[in-house]
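Below is one structure, written out as structure tokens; comments come after it.
Counting starts at 1 for both ligands and their atoms, following the listed order. The structure presented is a predicted model; accordingly, all values stated were derived computationally and were not measured.
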Amino acid sequence: MKDFTEAYAMKLDREDPLGALREEFSIQNKSLIYLDGNSLGMLVKDAAEDVQEEVEHAWGVQLIRSWNQGWYEKGLVLGDKIAKIAGASDGEIAVADSTSVNLYKLAYAALRLKHGRRKIITDDLNFPSDIYILKGLAASLGGGHEVVILESADGMTIAPEQVREAIDGDTALVSFSHVVFKSAFMYDMERVTAMAHEHGALTLWDLSHSIGSVPVELNRAGADLAVGCTYKYLNGGPGSPAFLYVRKDLQDQLTSPLQGWFGEENPFDFGLEYRPAKGIRRFLAGTPPILSMVPVERTLEMMIGAGIHQIREKSIALSEYLVGLVVHELTTLGFSVGVPVDVKRRGSHVSLKHPEAYRICKALIDPAVGNREVIPDFREPDHIRLGITPLYTRFIDLYHAVQELKHIVEYKLYENYSSQRDAVT
Ligand SMILES: *Cc1c(COP(=O)(O)O)cnc(C)c1O
């Protein structure tokens, strides 16, 4: 890229085949640049209406009858839609619980199936909650298991050789984030899965930062298990439930540690002996949060319509544009790019590193600074994470965000802010 003008950004937006999708979103503040859709996706206008309808009609009028009019099956219906953008088949994905809880359930199931093997492999780029869950699970099983945490040499990536060397005949489970939350490094799922299978180990992928932004090919990769989030790229809203994937032929060999009635063969028999349901339903535990599931459907339909490969193409175009702009405008101001250069190994967000990252983020968000409010997020210790969400992020947004960053650092405007952290960053 050689053109760093505002006019060029506008031209890219005009030529964007997915540009019109932004109209589907509720955008109240036209001058706000939202670059945090990978933490909390934006609200789809029709989804807000769907929620209202669900409250007023399905709940308000139909009351308990709604359980037989779609509620009971909702987590599985949504799961089949997620399957279409995750390269999975019908009946392999269910929406339920949170990502952390699903990770626990599936990791437990895997360790039980691989009884006698001691090692669980993950890496230090993984989302801390995943590591807490894996360690807590290992401890609760009596301490015979070991969580092996691969260390990234460059703070951004893990080399395939490191994974290959770590997996052996004592490995029960290999669990990574497909796209990692800080550096956006993306694992080669197929290659890592093959390495695990060579030694008879299972894989458990966290798709929270990849679902809806990169084509995930669970079946083609031969992946065993996966979990992921719906309030990021899938725009499900705060606390919308997560999903879990179990490869079809493994489902009846695995059991959930949470033997709740929603995973029972026939919950309404109210029998006292638990019989795990056939198929993916056995991984459910209790009554799902119906209202929180509703918004996800609109985004899934939008993504299936647009095509996940087209969405990925736009995401790459946006992130390449942003990286080019950052290198051109910001590297002399102390910024560095904290994501892999190779787009094939990178998800949809771009992290910038700067020693004053926290205070720069505070200044970016402050409406009194510069011409626009920009919402990124800050990740310890020095990352400014710019979330690119291809359904609504525009080239011009990235252009303006970079101009704001430049202004804040050139004039040291961040010095007006405290580096005392907020509870949620
Ligand atoms: C966002 C995210 C989570 C969130 O877990 P919750 O249990 O839904 O809070 C988990 N793992 C990864 C990799 C994430 O990015």
Subject >> Protein contact of atom 4 (C) of ligand 1 - nearest heavy atom, named by residue and atom, plus distance >> reply: Tyr231 OH, 3.3 Å
Original post:
If you take all heavy atoms of Leu291 and Glu54, which pair is closest and at what distance?
Top reply: CD2-CG, 3.8 Å
**OP:** Among all protein heavy atoms, pick the one closest to atom 5 (O) of ligand 1 and tell me residue, atom and distance.
**Re:** Thr99 CB, 3.4 Å
Original post:
Taking NZ, NE, NH1 and NH2 as the nitrogens, is one of them in Arg22 or Asp397 under 4.0 Å from a carboxylate oxygen of the other?
Top reply: yes
Original post:
For atom 10 (C) of ligand 1, which of Trp205, Tyr104, Phe127 has the closest heavy atom?
Top reply: Phe127
Original post:
Are any of the side-chain nitrogens in Glu24 or Lys45 under 4.0 Å away from the carboxylate oxygens of its partner?
Top reply: no
**OP:** Search all heavy atoms of Lys248 against all heavy atoms of Glu92 and return the closest pair with its distance.
**Re:** N-OE2, 2.9 Å
**OP:** Within a distance under 4.0 Å of any heavy atom of Ser177, pick out the atoms of ligand 1 and give their elements.
**Re:** 13 (C)
Subject >> N-O pairing of Lys362 and Asp422 below 4.0 Å >> reply: yes
Original post:
Centres of the Tyr274 and Trp261 rings: under 6.0 Å?
Top reply: no
**OP:** Report the part of Asp206 in contact with ligand 1, treating N, CA, C, O as backbone and CB onward as side chain, heavy atoms under 4.0 Å; options are side chain, backbone, both, neither.
**Re:** side chain
Subject >> Proximity of Asn126 to ligand 1 by residue part, where a heavy atom lies under 4.0 Å >> reply: neither
Subject >> Residue and atom name of the nearest protein heavy atom (relative to atom 7 (O) of ligand 1), distance in Å to one decimal >> reply: Ser100 OG, 2.7 Å
Original post:
Looking at His209, which atoms of ligand 1 are within less than 4.0 Å of one of its heavy atoms?
Top reply: 15 (O)
Subject >> Geometric N/O contact Lys232 with ligand 1, under 3.5 angstrom >> reply: yes
Original post:
Does Lys119 come within less than 4.0 Å of Asp170, counting only side-chain N to carboxylate O?
Top reply: no
